[in-house]
Amino acid sequence: QVQLAESGGGLVQAGGSLRLSCAASGRTFITDVMAWFRQAPGKEREFVSAIRWSGASTYYADSVKGRFTISRDVAKTTVYLQMNSLKPEDTAVYYCALNAGISVHREPSEYDYWGQGTQVTVSP
């Protein structure tokens, strides 16, 4: 079993920054894929970014490329999402997820474990 716990959400003005953290506990492997998704009210959950614990590659949605950066600390089994130049359309609940496999997926259904989510609100 794996437990994921997000933190770092909050209220920020447009143009500001936030850093989200996701601490993983339980069974994790270096080949696991960690991802961030987000869900705005009335919308489907969407892929934001992903990284393997090995850190060999990172993946981003086009809407956040150049503004968000995903990283990980293997020793702390923690994944981070640094969000800069935030826009009101980034407002959503952000979820951390783990795929116990070797392929990077952008569909929520491919992920095995989820955190409880953390709210990010960007004011105009």
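If you're wondering where the values come from, they're calculated on a predicted model, not measured in any experiment.
Looking at R106, its side chain never comes within 3.5 Å of a backbone N or O of E46 through a donor-acceptor pair. Side-chain atoms of D112 never come within 3.5 Å of backbone atoms of N99 as a donor-acceptor pair (strictly under, hydrogens ignored). Formation of a donor-acceptor pair under 3.5 Å by the Q39 side chain with backbone atoms of E44 is not found in this model. T121 places no side-chain N or O within 3.5 Å of a backbone atom of L11 that could act as its donor or acceptor partner. The main-chain N or O of S25 is never found under 3.5 Å from a side-chain atom of T77 such that the two would form a donor-acceptor pair. A side-chain donor-acceptor contact under 3.5 Å links R72 to the backbone of S54. Put simply, the side chain of S85 never gets that close to the backbone of R67: no donor and acceptor are under 3.5 Å apart.
Rounded to the nearest 0.5 angstrom, L20 CG and F68 CZ are separated by 8.0 Å.
Both V64 and V12 are part of a single hydrophobic cluster, where members link through side-chain heavy atoms under 4.5 Å apart. Clustering ILVMFWY residues whenever any of their side-chain heavy atoms sit less than 4.5 angstrom apart, transitively, puts Y60 in the very cluster that holds L18. By the criterion of side-chain heavy atoms lying less than 4.5 angstrom apart, applied directly or through intervening Ile, Leu, Val, Met, Phe, Trp or Tyr residues, V48 is grouped together with V120 in one hydrophobic cluster. Each of V104 and W53 belongs to its own hydrophobic cluster when Ile, Leu, Val, Met, Phe, Trp and Tyr are linked at side-chain heavy-atom distances under 4.5 angstrom. Linking ILVMFWY side-chain heavy atoms closer than 4.5 Å, directly or via other members, places Y95 and Y111 in a single hydrophobic cluster.
For the pair Q119 and T91, the minimum side-chain heavy-atom distance is below 4.5 Å. Inter-residue side-chain proximity for L4 and L98 is flagged as met; some heavy-atom pair is nearer than 4.5 Å. Counting heavy atoms from C-beta outward, P41 and K43 have side chains that stay 4.5 Å or more apart. Within the 4.5 Å cutoff, the side chain of R52 has heavy atoms near those of the Y59 side chain. In this structure, the side chains of R38 and S63 come closer than 4.5 Å at one or more pairs of heavy atoms.
Nearest heavy atoms, A92 versus A40: CB-N, 3.8 Å. Scanning all heavy atoms of the two residues, the minimum distance from Y94 to E6 falls at O-OE2, 4.0 Å. In plain terms, the two heavy atoms of P124 and P88 that are nearest each other are CA-CG, 4.0 Å.
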### Message
Would R19 and Y80 count as a side-chain hydrogen bond (donor to acceptor under 3.5 Å, both in side chains) here? Give the steps.
### Response
CA-CA 7 Å; R19 188 175 84 153; Y80 304 98; 4.8 Å; no

### Task
Could you check C96 against W36 for side chain to side chain contact (heavy atoms under 4.5 Å, CB included), going step by step and ending with a plain yes or no?
CA-CA 5 Å; C96 175; W36 288 96; 4.1 Å; yes

#### Entry: From CA spacing to verdict: side chain to side chain contact (heavy atoms under 4.5 Å, CB included), S71, Q82
CA-CA 8 Å; S71 62; Q82 178 66 44; over 6 Å; no

### Task
Please report the C-alpha distance between Y113 and Q3 in whole Å, then the side-chain angles of each, then the deciding distance to 0.1 Å, and finally whether the side chain to side chain contact (heavy atoms under 4.5 Å, CB included) criterion is met.
CA-CA 7 Å; Y113 300 97; Q3 293 78 43; over 6 Å; no

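In the model, D73 has no side-chain atom that pairs as donor or acceptor with a side-chain atom of T78 under 3.5 Å.
Under the 4.0 Å criterion applied to side-chain N and carboxylate O atoms, D32 and R27 are assigned as salt-bridge partners. Salt bridge K87/D90: absent, no basic N to carboxylate O contact under 4.0 Å.
The local environment of CD in E89 is crowded, with over 12 non-hydrogen atoms from other residues, nucleotides or ligands closer than 6.0 Å.
Two rings, from F47 and F37, have their centers less than 6.0 Å apart.
The side-chain contact (heavy atoms from CB on, under 4.5 Å) with I51 is formed by just one residue from the set T69, V33, I70, L81; it is I70.
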